[in-house]
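What's counted below: heavy atoms across the whole structure, side chains too, no hydrogens, waters or symmetry copies. Note that the structure is a prediction, hence the values are computed from the model and not measured. So that the names make sense, note that chain A is the first sequence line, chain B the second, and so on, each numbered from 1.
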Amino acid sequence: MHMSTNFSMDEVKVLGSKSITVESKESIINLVLDTLAIEKQLLIFNNSKNSSEATAEKIAMALKKKKTVTHQKELSQLSEQILKVMQSPTKQCRRLAKCVEQGIAFHHSGLVSKQRYLIEENFKKGIIKVISSTPTLAAGLNLPAYKVIIKDYKRYSSRGFNDIPVLEFMQMAGRAGRPGHEDIGHSVVHIKDDNELERVIKKYIHGKPEEIYSKLAVEPTLKMYVLSLVSMDIINTEDEIKEFFKNTLYGEQYHDLEGLYYNIFKVLKILKEYQFVREDDNYYVATTLGKKVSELYLNPDTAHLFLSHFDTFVKTLGSKYVSRQHVFNLIQLFSTTMEMKPLFRMGKKEEEHYMQLADDVQEELFVEYDPFEQDLQDFMNGLKTAEIMQDWIEEAPEEYISEKYSITPGELHFKKEVIDWLLYCLEEFSQLRKQFYLKNYFNKLRQRFKSGIKDDVLVLISLKGVGRVRARKLKKAGFGTLSDLRSATFEQLSRVIGDALTISIKKELHGETYEQDFSHELKQVEKFSRSSKPKEIRVREVTEVEVDELVEETQNFEKEKEEAKQKGLLQYF
DNA sequence: GGACGGTGAAACTTCAGGTTGCCTC
DNA sequence: GAAGTTTCACCGTCC
């Protein structure tokens, strides 16, 4: 199929057959080789993360055999950069780095954002030639390519395994052709036989894209908008409310607005019950609390859930000693909110484990499981999510987490972000309620989630170049506080974390005086690093020994966790 | 004869996406 | 629907 740059259905042409050189049994590989031979770039769209990785690896193998890769120097540098994004690279990082060496990358939400950025930028520069991705790339970014291959036009969703919408197909196909660079772009759909060919042409090439409908009347969305509109004093009276919503897309599409108005007033009633909105003489105003909720972009239901548990938080979380269980309970509570969705999914094989866990923790949770309120699978997913996040702040290695729970570093990262945001909201609520001890607690917890650390190395994380791995190394070597680090000698520290990082830390701690005290070592190291990068102090890479240590840690983690559980170990805050 | 290891077919399992808050270096 | 993973029966080899 062959499409013009500015994708419009009238201009789409279906070309007859075009023969390409057959070098492999796999048609996709042939297409890739054919396109690379004329020095053009490709995007390949897959229907799952797994398949986008598998496709990339298959092509990388073929390219390796052909030995025609260009930009080898840049690619091997990029490959190294990709590995370095995380202090301890996971299996996924290594797979990606290997593909990148051949000028091909996979791209999906499971990657860490820095990696995604590196891939996108280097594709734009022409260093990476092929990206095999999930639909991530089709929607947001402007990453056009000469050729687009839609490998799968069917995808699994909650409704089963179905054709993707025409709109989405167009999004992907429309990535073919680079405006300002080329006049044409090729878009290829991967199909099995002639029957499918006919179907695809009818549905996607000559078919109409789906209509877009407003979902404004859906309650959770409506709650957020009504609160924010009232809070900004855009709508305050019944007339204003009706007038405003009449002019929305929803109003345009559905002329009978009575249903919508009914929902709006129902929502307002709930917001009043939540004490986010006040009504005086038919005049609606947001309360201080309501304004805060709206400012925080928090779903009013979530805010209400948090606030209704606030007294419990004060009683339990604010105490000086906090058990692991409390953090678990907190994340489990988060998992019932809209913001945390979608949760990490419990697999079939994990069922038994989470049934048992549910039994064990049920009574301690902030909200007991209610089969009439919540789907069992959803509840179990919440337990899994809480367990994963607890492992994260108990310093479980990332590799361990991805392997054990079958999740990607990217997914872990997104959840961290959401939790950080929700904890920030709780911080703000604590401030409003003047519960400063609690505010401090949530703030510390945020830092722990950000870095994935236990509380005893919190202080070390503030140092540049020190993440969870190095912080723990320092602590183990006896440097648990900043004053420990200040009084340590250069040799003592450099044995643990290397020369460059020692200098960087010493400089941070001692300021100017450092130059005098350690001028000798500084000169030595700077002379050494000048050869590669002048003046800049480079942070040492993770060595093989460290990798071995990490593997060992991974093995030990489960054991330690079990012991801690048995002891009912308390965490000092 | 029993333990062990390799092999392959059958059964089972899973499958996309990433905005919003605020601060600080 | 398809790819990846696990399970299990079957067979040959070795002690």
Side-chain angles (χ1 to χ4, degrees), chain A residues 26 45-55 57-58 106-113 115-117 132-141 150-165 167-169 171-172 190-193 196 199 220-221 224-225 227-228 291-300 302-303 306 337-351 377 381 403 405-429 431 439 442-443 446-447 450 461-466 504 507-508:
Chain A
E26 302 264 352
F45 288 109
N46 303 264
N47 65 357
S48 73
K49 291 185 210 135
N50 245 334
S51 127
S52 66
E53 291 186 21
T55 307
E57 280 178 325
K58 233 186 268 169
F106 52 84
H107 186 291
H108 54 64
S109 68
L111 302 186
V112 175
S113 61
Q115 289 171 335
R116 286 214 301 264
Y117 175 78
S132 167
S133 85
T134 54
T136 1
L137 275 187
L141 282 151
I150 299 170
K151 193 172 150 266
D152 315 283
Y153 66 90
K154 281 171 178 270
R155 191 191 309 136
Y156 180 85
S157 73
S158 49
R159 275 160 285 134
F161 196 77
N162 292 312
D163 289 1
I164 56 168
L167 217 51
E168 219 178 283
F169 183 94
Q171 276 282 16
M172 297 198 271
H190 188 231
I191 50 167
K192 278 197 315 252
D193 51 38
E196 252 190 301
R199 230 169 72 77
T221 328
M224 285 193 81
Y225 286 119
L227 179 61
S228 97
K291 279 204 174 114
K292 192 84 220 169
V293 172
S294 177
E295 268 170 32
L296 293 167
Y297 275 80
L298 198 58
N299 174 6
T302 305
F306 284 174
T337 69
M338 205 183 82
E339 283 83 353
M340 282 286 280
K341 303 280 156 34
L343 302 169
F344 293 126
R345 276 181 60 85
M346 171 188 73
K348 262 261 151 48
K349 274 164 286 174
E350 296 170 316
E351 244 167 48
Q377 172 80 37
N381 292 347
E403 292 294 309
Y405 299 103
S406 317
I407 63 164
T408 57
E411 288 164 331
L412 180 67
H413 179 76
F414 284 129
K415 280 287 167 288
K416 259 155 52 186
E417 296 256 289
V418 177
I419 289 174
D420 183 53
W421 165 36
L422 293 178
L423 285 171
Y424 173 75
C425 293
L426 283 174
E427 253 191 76
E428 291 288 294
F429 289 153
Q431 174 87 33
K439 181 179 154 85
F442 289 129
N443 185 275
R446 275 179 73 196
Q447 291 177 51
K450 243 181 214 159
I461 287 295
S462 60
L463 295 163
K464 231 185 242 171
V466 180
S504 152
K507 266 193 161 177
E508 213 177 325

Please tabulate the protein-to-nucleotide N/O contacts below 3.5 Å involving nucleotides 19-25 of chain B, giving atom names and distances.
from	atom 1	to	atom 2	distance (Å)
B/dG21	N1	A/Asp420	OD2	3.2
B/dG21	N2	A/Arg446	NH2	2.9
B/dC22	O4'	A/Tyr424	OH	3.3

- Message: What I'd like to find out is whether the side chain of A/Lys416 reaches to under 4.5 Å of the side chain of A/Lys450, using heavy atoms alone.
- Response: no
- Could you tell me which residues satisfy ring pair (Phe, Tyr, Trp, His ring centres under 6.0 Å) with A/His108, sequence neighbours excluded, listed by chain and number? A/Phe106
- Query: With sequence neighbours left out, what residues match A/Thr302 under side-chain hydrogen bond (donor to acceptor under 3.5 Å, both in side chains)?
  - Reply: A/Glu339
- Message: Please report the end-to-end axis angle for the helix from B/dG1-C/dC15 to B/dC15-C/dG1, five pairs per end, rounded to 10 degrees.
- Response: 10°
Atom pairs under 3.5 Å: protein N/O with N/O of nucleotides 12-15 of chain B:
from	atom 1	to	atom 2	distance (Å)
B/dT14	OP1	A/Lys348	N	2.8

- Query: What residues, two or more places apart in sequence or in another chain, satisfy side chain to side chain contact (heavy atoms under 4.5 Å, CB included) together with A/Glu411?
  - Reply: A/Lys49, A/Phe344, A/Ile407, A/Thr408
- Note on the structure: Contacts of A/Glu196 meeting side chain to side chain contact (heavy atoms under 4.5 Å, CB included) (sequence neighbours excluded), chain-then-number -> A/Tyr153, A/Ile191, A/Lys192, A/Asp193
- Task: May I ask you to evaluate whether A/Ser157 reaches the phosphate of B/dA16, defined as a side-chain N or O under 4.0 Å from OP1 or OP2?
- Result: no
- Item | Nearest-Å distance for atom pair NZ/C1', residues A/Lys416 and B/dG18 | 14 Å
- Note on the structure: 5'-most to 3'-most nt of DNA chain C touching chain A (<4.0 Å, heavy-atom partner on protein side) reads C/dG1 to C/dT6
- Could you check whether A/Glu168 gets within reach of a base, just the sugar-phosphate, or nothing at all, counting any heavy atom under 4.0 Å? base
- Query: Which pairs with one or both residues in residues 340-349 of chain A pass salt bridge (charged side-chain N to carboxylate O under 4.0 Å, His left out), sequence neighbours excluded?
  - Reply: A/Lys341-A/Asp378
- Taken in chain and number order and not counting sequence neighbours, the residues that satisfy side-chain hydrogen bond (donor to acceptor under 3.5 Å, both in side chains) with A/Asp420 are A/Arg446
- Message: Suppose we screen for side chain to side chain contact (heavy atoms under 4.5 Å, CB included). Which residues come up paired with A/Asn47, at least two apart in sequence or across chains?
- Response: A/Ser51, A/Asp152, A/Arg155, A/Phe161
- Message: Could you work out, with side-chain hydrogen bond (donor to acceptor under 3.5 Å, both in side chains) as the rule, every residue matching A/Lys439, not counting sequence neighbours?
- Response: A/Gln431
